[in-house]
A.B. asks: 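Got a structure for you, written out below as structure tokens; questions coming shortly.
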Amino acid sequence: MDIPLSTIAVVGLGTMGTGIAEVLARAGHEVIGIDISEAAARQSVASLEAATARAVRRERITEQERSDVLARFRTFGDLRAAARAELVIEVVPESYEIKQQVFRELDAVVSPTAILATGTNALSVTRLAAESLRPERVLGLHFFNPAPAMKLVEVVSSVLTAPPAVEAVTELARSLGKEPVAVGDRPGFVADGLLFGYLNQAAAMYEANYASREDIDAAMKLGCGLPMGPLALLDLIGIDTARTVLEAMYSASHDRLHAPAPVLGQLSEAGLTGRKSGRGFYTYTGPGSQTVVPDALTPRESAATATGRTVRSVGVAGSGTMASGIAEVFAKAGYDVVLAGRGQEKADTAKARIGTSLERSVSKGRLTAEARDETLARITAAGSLDALADVDLAVEAVAEELAVKQQLFGTLDKVCKPGAVLATTTSSLPVVAIARATSRPQDVVGMHFFNPAPAMKLVEVVRTVLTADDVHATAREVCVKVRKHPVDCGDRAGFIVNALLFPYLNNAIKMVEEHYASLDDIDAAMKLGGGYPMGPFELLDVVGLDVSLAIEKVLHNEFRDPGLAPAPLLEHLVAAGCLGRKTGRGFREYARR
């Protein structure tokens, strides 16, 4: 059944409504904008005028095309203006009462064949449809902000929605240049269902004073390649909006991970709702501004209380990819490096791997042949840990097993000179348990590099309750000298990045287990709707399902939260030997090389 959607009404002309109206008008649709606020309607027209003027200046449209777009958008203050619309999209505030009132009034106005779409990202589409006179023509059409730029549109069906209505809006989304993803009716749908749990955990992490807002945001941007940190994103979304979404999710799931962090309620009640109010987790130059200004919580350079120890030479224990990557980082920065493997052959192989990496940099014009040779000359490959006797900083990068690391640190304790800093690259194990394998736990610190170490800018600096001030300062100073961004965090499972990343990945697996959405739809939703460089299942297969399961178990064991229990599907795949790309099969199958 072909349902024409040439005239479309948009109810609610805030930021999202205005963005949707712009997308529709530029695609050739006649758009009826409706808002009870005359000021909002005027601002919506002004925004469209400004956006199309920019498009003309950038030569994306002509002046005539701009005039045509503006002519197709008219604003009204009464819902009766929607009478001849074939599709109505409401984007009024996230309140059942407000949305139900809008739908009741529309029922009395629009044609019996018109489709009514809600733009909600948190409320039940089924509940809204059930109170309509035409529930079979009610569905969800969830655009992402900013609507003109974001490609994802979630098309949400309830058990009452007629397939022709779904087909019509899906085809509309495609005609707008969007990527429609079909999802069922549950709070948050796919993208926000995964995103808001992660944002909530980040808020709770900040509230617990585990890490600063700047370090949390930097860690997720640099460690995961995200366009924004979680706290900055909460400010952009609106802290009150996030709280509303989470409350809806929690009421449906009863998962503690969705129970809004108290700080979200406190900020909301204080009117500190983010960018729109001029202050949230960060402070801005004014309401609506995106420019962050310093406030009482902004770190100050003068806040450092200790000076680090002198580091001229660095030892790296290990011969795998991470060990060779870390050795390359230090050697490039001018440090003399001893790369100690289990035997001379393994150490030589690791150094050869560094040579190959440097050669690639030369071929791409990132490094001169002279710099390559100088870097390699700074690296000494050794077949025994005894070679680390005179280094100022020893960094281990061996297997992620507590017993293995404890044994190694026991050896480093005997081999390394007094005053040497001993660092572990663990991503999930308790640093203090590793430190206590030595007679000098005050000299031990966590320095969690990310793979590939030469490319990734983040290092999580993990201080235990026993770490000396000058050892902590040494780790930070060294990170800066090797051009990495250090973030401080305490000694608890997952530190910042893994503690926020892996519950999100686990929840994506649960969505598939529950047959709520497909792997492809979830990956597309997070890339297109969340700006993630990889979808969760792409990332899981790259990281390795066995590695992911091990981290999930560590998080679950430490925090004892039922919501962190590894998804059974993940456990089953690991038991079957389907570990991701490295075995040729994980959540997807890969061609064997």
Side-chain angles (χ1 to χ4, degrees), residues 202 204-220 222-223 297-311 314-315 317 326 329-330 391-397 400 402 405-406 408-409 412-413 416 418-450 453 456-482 484-500 551 554-555 558-559:
M205 181 180 282
Y206 167 77
E207 185 173 22
N209 204 30
Y210 175 68
S212 71
R213 60 191 180 182
E214 288 83 2
D215 279 354
I216 292 171
D217 280 354
M220 298 313 292
L222 298 174
L297 298 177
T298 304
R300 287 164 175 77
E301 295 294 332
S302 59
T305 57
T307 302
R309 301 176 186 177
T310 300
V311 176
V314 177
I326 293 171
V329 166
F330 280 107
V391 300
D392 302 308
L393 167 65
V395 183
E396 70 77 15
E400 188 73 350
L402 183 58
K405 291 185 187 290
Q406 287 174 324
L408 174 64
F409 270 74
L412 291 176
D413 187 30
C416 293
V421 174
L422 310 181
T424 171
T425 61
T426 182
S427 62
S428 59
L429 301 174
V431 177
V432 74
I434 298 169
R436 294 200 66 198
T438 74
S439 64
R440 40 175 153 174
Q442 71 278 3
D443 290 342
V444 179
V445 68
M447 291 181 69
H448 178 212
F449 287 79
F450 286 73
M456 298 295 281
K457 295 295 184 185
L458 180 69
V459 177
E460 291 177 319
V461 177
V462 186
R463 181 174 189 166
T464 77
V465 292
L466 301 175
T467 304
D469 289 345
D470 63 342
V471 169
H472 171 247
T474 302
R476 287 190 59 89
E477 289 170 9
V478 164
C479 287
V480 173
K481 288 178 182 175
V482 298
K484 300 300 182 185
H485 185 105
V487 298
D488 283 329
C489 45
D491 186 19
R492 74 179 202 187
F495 310 136
I496 297 174
V497 174
N498 286 348
L500 295 179
I551 294 173
V554 168
L555 292 172
E558 174 140 339
F559 297 108

A.B. asks: Between Ile216 and Ala202, what is the shortest heavy-atom contact and its length?
C.D. replies: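 Result for this residue pair: CD1-O, 4.0 Å.
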A.B. asks: Show your working on side chain to side chain contact (heavy atoms under 4.5 Å, CB included) between Thr474 and Val311 and close with a plain yes or no.
C.D. replies: CA-CA 8 Å; Thr474 302; Val311 176; 3.6 Å; yes
A.B. asks: Would you say the side chain of Val471 lies within less than 4.5 Å of the side chain of Gln442, judging by non-hydrogen atoms?
C.D. replies: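 Not in contact.
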A.B. asks: Give me the atom names and distance for the closest heavy-atom approach of Val395 to Thr425.
C.D. replies: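 Heavy atoms of Val395 and Thr425 come nearest at CG1-CG2, 3.6 Å.
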A.B. asks: So do the side chains of Asp491 and Thr467 get within less than 4.5 Å of each other, counting heavy atoms only?
C.D. replies: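 No, side chains not in contact.
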A.B. asks: Decide yes or no on side chain to side chain contact (heavy atoms under 4.5 Å, CB included) for Asp443 and Thr438, but give the supporting numbers first.
C.D. replies: CA-CA 9 Å; Asp443 290 342; Thr438 74; over 6 Å; no
A.B. asks: What verdict does the side chain to side chain contact (heavy atoms under 4.5 Å, CB included) test give for Phe450 and Glu460, after you've listed the backbone C-alpha separation in whole Å, the side-chain angles of each residue and the deciding distance to 0.1 Å?
C.D. replies: CA-CA 9 Å; Phe450 286 73; Glu460 291 177 319; 3.7 Å; yes
A.B. asks: Salt bridge (Lys or Arg N to Asp or Glu O under 4.0 Å) with Asp392: which residues, sequence neighbours excluded?
C.D. replies: Lys417
A.B. asks: Hey, are the side chains of Val497 and Met220 touching, using non-hydrogen atoms and a 4.5 Å cut-off?
C.D. replies: yes
A.B. asks: For Arg463, what residues pass the side-chain hydrogen bond (donor to acceptor under 3.5 Å, both in side chains) criterion, not counting sequence neighbours?
C.D. replies: Asp469
A.B. asks: Rounded at 0.5 Å granularity, tell me how far OG in Ser427 sits from CG in Asn498.
C.D. replies: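 So the OG of Ser427 and the CG of Asn498 are separated by 5.5 Å.
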A.B. asks: Indicate yes or no for a side-chain donor-acceptor contact from Lys405 to the backbone of Glu396 under 3.5 Å, with no hydrogens or angles considered.
C.D. replies: no
A.B. asks: Kindly write out the residues that satisfy side-chain hydrogen bond (donor to acceptor under 3.5 Å, both in side chains) with Arg440, not counting sequence neighbours, or none if the list is empty.
C.D. replies: Asp413
A.B. asks: Going by salt bridge (charged side-chain N to carboxylate O under 4.0 Å, His left out), name the pairs with one or both residues in residues 207-217, residues two or more places apart or in two chains.
C.D. replies: Arg213-Asp295
A.B. asks: How close do Leu555 and Ala493 get, heavy atom to heavy atom, and via which atoms?
C.D. replies: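 In this case the closest contact between Leu555 and Ala493 is CD2-O, 3.6 Å.
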A.B. asks: At what distance, to the nearest 0.5 angstrom, does CG of Leu393 lie from CE of Met447?
C.D. replies: 6.0 Å
A.B. asks: Considering all heavy atoms of both residues, which atom of Phe495 and which atom of Cys489 are nearest to each other, and what is their separation?
C.D. replies: CB-SG, 3.8 Å
A.B. asks: What are the two closest non-hydrogen atoms of Gly490 and Val462, and how far apart are they?
C.D. replies: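 In terms of heavy atoms, the two residues are closest at O-CG1, 3.6 Å.
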A.B. asks: Any donor-acceptor pair under 3.5 Å linking the side chain of Arg309 with the backbone of Val421?
C.D. replies: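 Between the backbone of Val421 and the side chain of Arg309 there is no qualifying donor-acceptor contact (under 3.5 Å).
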A.B. asks: Within the 4.5 Å heavy-atom criterion, are Thr307 and Asp470 side-chain neighbours or not?
C.D. replies: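 Counting from C-beta outward, Thr307 and Asp470 never come under 4.5 Å.
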A.B. asks: Does a side-chain heavy-atom distance below 4.5 Å link Leu222 with Met456?
C.D. replies: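 Not touching, per the 4.5 Å side-chain cut-off.
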A.B. asks: Using a strict threshold of under 4.0 Å (side-chain N to carboxylate O), is an ion pair present between Arg492 and Glu558?
C.D. replies: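 No salt bridge links Glu558 with Arg492.
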A.B. asks: Let me confirm one number: the CD1-CG distance from Ile434 to Leu412, rounded to the nearest 0.5 Å.
C.D. replies: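 Going from CD1 on Ile434 over to CG on Leu412, the span is 11.0 Å.
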A.B. asks: If I compare all heavy atoms of Ala453 with all of Val329, which pair ends up nearest, and what's the gap?
C.D. replies: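 Heavy atoms only, the tightest pair is O-CG2, 3.5 Å.
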A.B. asks: Going by heavy atoms in the side chains, are Cys416 and Leu422 under 4.5 Å from each other?
C.D. replies: yes
A.B. asks: Asp488: what forms a side-chain hydrogen bond (donor to acceptor under 3.5 Å, both in side chains) with it, not counting sequence neighbours?
C.D. replies: His472, Arg476
A.B. asks: List for me each residue that meets side-chain hydrogen bond (donor to acceptor under 3.5 Å, both in side chains) alongside Ser428, sequence neighbours excluded, and say none if there are none.
C.D. replies: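 Residues passing side-chain hydrogen bond (donor to acceptor under 3.5 Å, both in side chains) with Ser428: Glu400.
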A.B. asks: With a 4.5 Å heavy-atom cut-off, do Leu458 and Val487 have their side chains touching?
C.D. replies: yes
